[in-house]
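Everything below concerns the one structure shown next.
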Number of protein chains: 2
Amino acid sequence: MSRRRAVDYDCPVRDVLDRIGDAWSVLLIIELAKAPCRFNALRRVVDGISQRMLAVTLRNLERDGLVSRTVLDLSPPQVEYALTARGRSLHGTIGQLADWADSNQPAIRASRANYDAAHGAKR
Amino acid sequence: MSRRRAVDYDCPVRDVLDRIGDAWSVLLIIELAKAPCRFNALRRVVDGISQRMLAVTLRNLERDGLVSRTVLDLSPPQVEYALTARGRSLHGTIGQLADWADSNQPAIRASRANYDAAHGAKR
DNA sequence: TCCTATAGTTACTAATAGGAACCACTTAGG
DNA sequence: CCTAAGTGGTTCCTATTAGTAACTATAGGA
């Protein structure tokens with residue numbers, strides 16, 4: 001994405017898409033919207049995410065103020081992640097997109113199959 | 001993204017995000033929403049996009065049935081790209097996201113600056 | 001003849017997403 | 001008391017991919 005920065009639009013949409021464009025952010029937001037959750041609990045529930053990607057993605061979300069990180073003073077110390085108000089509002093907006101995706105996925109899938117058939121799966 | 005495919009969610013949201021997650025698709029949809037446009041006209045107006053990325057992105061959008069491609073039988077032949085009905089409906093949904101982005105960008109920018117200051121721009 | 005425009009394709013590269021393995025600490029079990 | 005397993009990460013490396021530069025091919029104008 002840094003190559004994009006060379007052009008350096010300061011377009012707000014780009015900012016948001018840079019964040020939610022990646023696979024894990026959206027999954028984490030959806031998961032955290034259900035309930036606050038700890039690191040390894042997230043790791044288990046998200047399924048397929050590596051420790052590193054979880055750490056990186058959470059840090060980015062925290063940096064954007066979408067997720068809060070709270071260290072609980074227990075032994076062993078635990079860290080709880082939760083959506084902030086801003087995170088919840090984004091979750092709502094993502095819902096809109098999800099609705100669109102749900103209702104259009106069949107058509108898109110069909111369109112792709114059609115296209116691939118017409119232009120040969122080659123290319 | 002193919003590593004993601006290893007996990008292979010058949011989540012509709014992922015499909016959509018894989019498409020609009022990249023920089024150019026959204027810009028092209030926004031541009032084509034204004035008016036149908038030809039290849040090099042798009043290239044001039046989008047500013048920063050290379051020929052290849054324009055070709056690749058348009059082909060993906062066409063494959064998903066979001067954009068139509070019409071070869072005009074002129075000399076030299078011209079190709080006109082336009083949003084389909086599905087494309088226009090996605091444009092509407094993107095509008096929702098753009099609104100969210102617009103109203104939250106200042107806060108997000110501030111949050112990032114804050115975070116970077118607190119955790120040191122190092123890391 | 002050379003330059004522009006049309007609409008791409010091909011060949012290559014730099015950056016990044018992502019996995020594997022490691023770290024440091026604490027509690028529990030045998 | 002030594003291993004195992006849980007906590008929450010970090011470091012290192014590479015396969016993939018996004019993106020650029022350069023080429024193709026045709027037509028029209030000066």
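Chain letters run A, B, ... following the sequence lines, proteins first and then strands; every chain starts at 1. Computed over heavy atoms, backbone and side chain alike; hydrogens, waters and symmetry mates excluded.
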(message) Could you tell me how far apart B:Arg69 (CZ) and C:dT6 (P) are, to the nearest whole angstrom?
(response) 15 Å
(request) Using the closest heavy atom to pick a nucleotide of DNA chain C for each, name whichever of A:Met53 or B:Phe39 lands nearer the 5' end. (result) B:Phe39
(message) From C-beta outward on B:Arg52, which listed nucleotide comes closest to its side chain: C:dG19, C:dT6, C:dT10?
(response) C:dT10
(message) Tell me the interatomic distance from B:Asp22, atom CG, to D:dG19, atom P, rounded to whole angstroms.
(response) 7 Å
(request) Give a yes/no answer on whether the side chain of A:Arg59 brings an N or O atom under 4.0 Å of OP1 or OP2 in D:dT10. (result) yes
(message) Out of the candidates B:Thr57, B:Ile94, B:Leu90, only one should pair with B:Val26 under the side-chain contact (heavy atoms from CB on, under 4.5 Å) rule; please name it.
(response) B:Ile94
(request) Write down the distance between CG (B:Leu42) and P (C:dT6), rounded to a whole number of angstrom. (result) 11 Å
(message) C:dA5, OP1 or OP2 - any side-chain N/O from B:Asn40 closer than 4.0 Å?
(response) no
(message) Rounded to the nearest 0.5 Å, what separates atom CG in B:Leu58 from atom OH in B:Tyr81?
(response) 5.0 Å
(message) Check whether A:Ser111 reaches the backbone of A:Ala107 with its side chain - one donor and one acceptor, N or O, closer than 3.5 Å.
(response) no
(request) Determine which pairs satisfy salt bridge (charged side-chain N to carboxylate O under 4.0 Å, His left out) with at least one residue from residues 63-80 of chain A, sequence neighbours left out, and list them in order. (result) A:Arg19-A:Asp64, A:Arg63-B:Asp116, A:Asp64-B:Arg112
(message) Expressed as a whole number of angstroms, how long is the span from B:Ile49:CD1 to D:dG19:C1'?
(response) 10 Å
(message) Rounding to an integer number of Å, can you tell me how far A:Leu74 CG sits from C:dC25 P?
(response) 19 Å
(message) Regarding A:Arg43, tell me which of base, sugar-phosphate or nothing describes its non-hydrogen contacts under 4.0 Å with the strands shown.
(response) nothing
(request) Report the nucleotide, chosen from D:dG9, C:dG19, D:dG19, that has the shortest atom-to-atom distance to any side-chain atom of A:Ser50. (result) C:dG19
(request) Round to a whole Å and report the spacing from OH of A:Tyr81 to P of D:dT7. (result) 13 Å
Give the table of side-chain donor-acceptor pairs shorter than 3.5 Å for residues 27-36 of chain A, with sequence neighbours excluded, one pair per line with atom names and distance.
residue, atom, partner, partner atom, Å
A:Glu31, OE1, A:Lys34, NZ, 3.3

(request) Send over the distance from A:Trp24 CH2 to C:dA17 P, rounded to a whole Å. (result) 13 Å
(request) Measure the distance from CD on B:Gln78 to P on D:dA27 and round it to the nearest whole Å. (result) 14 Å
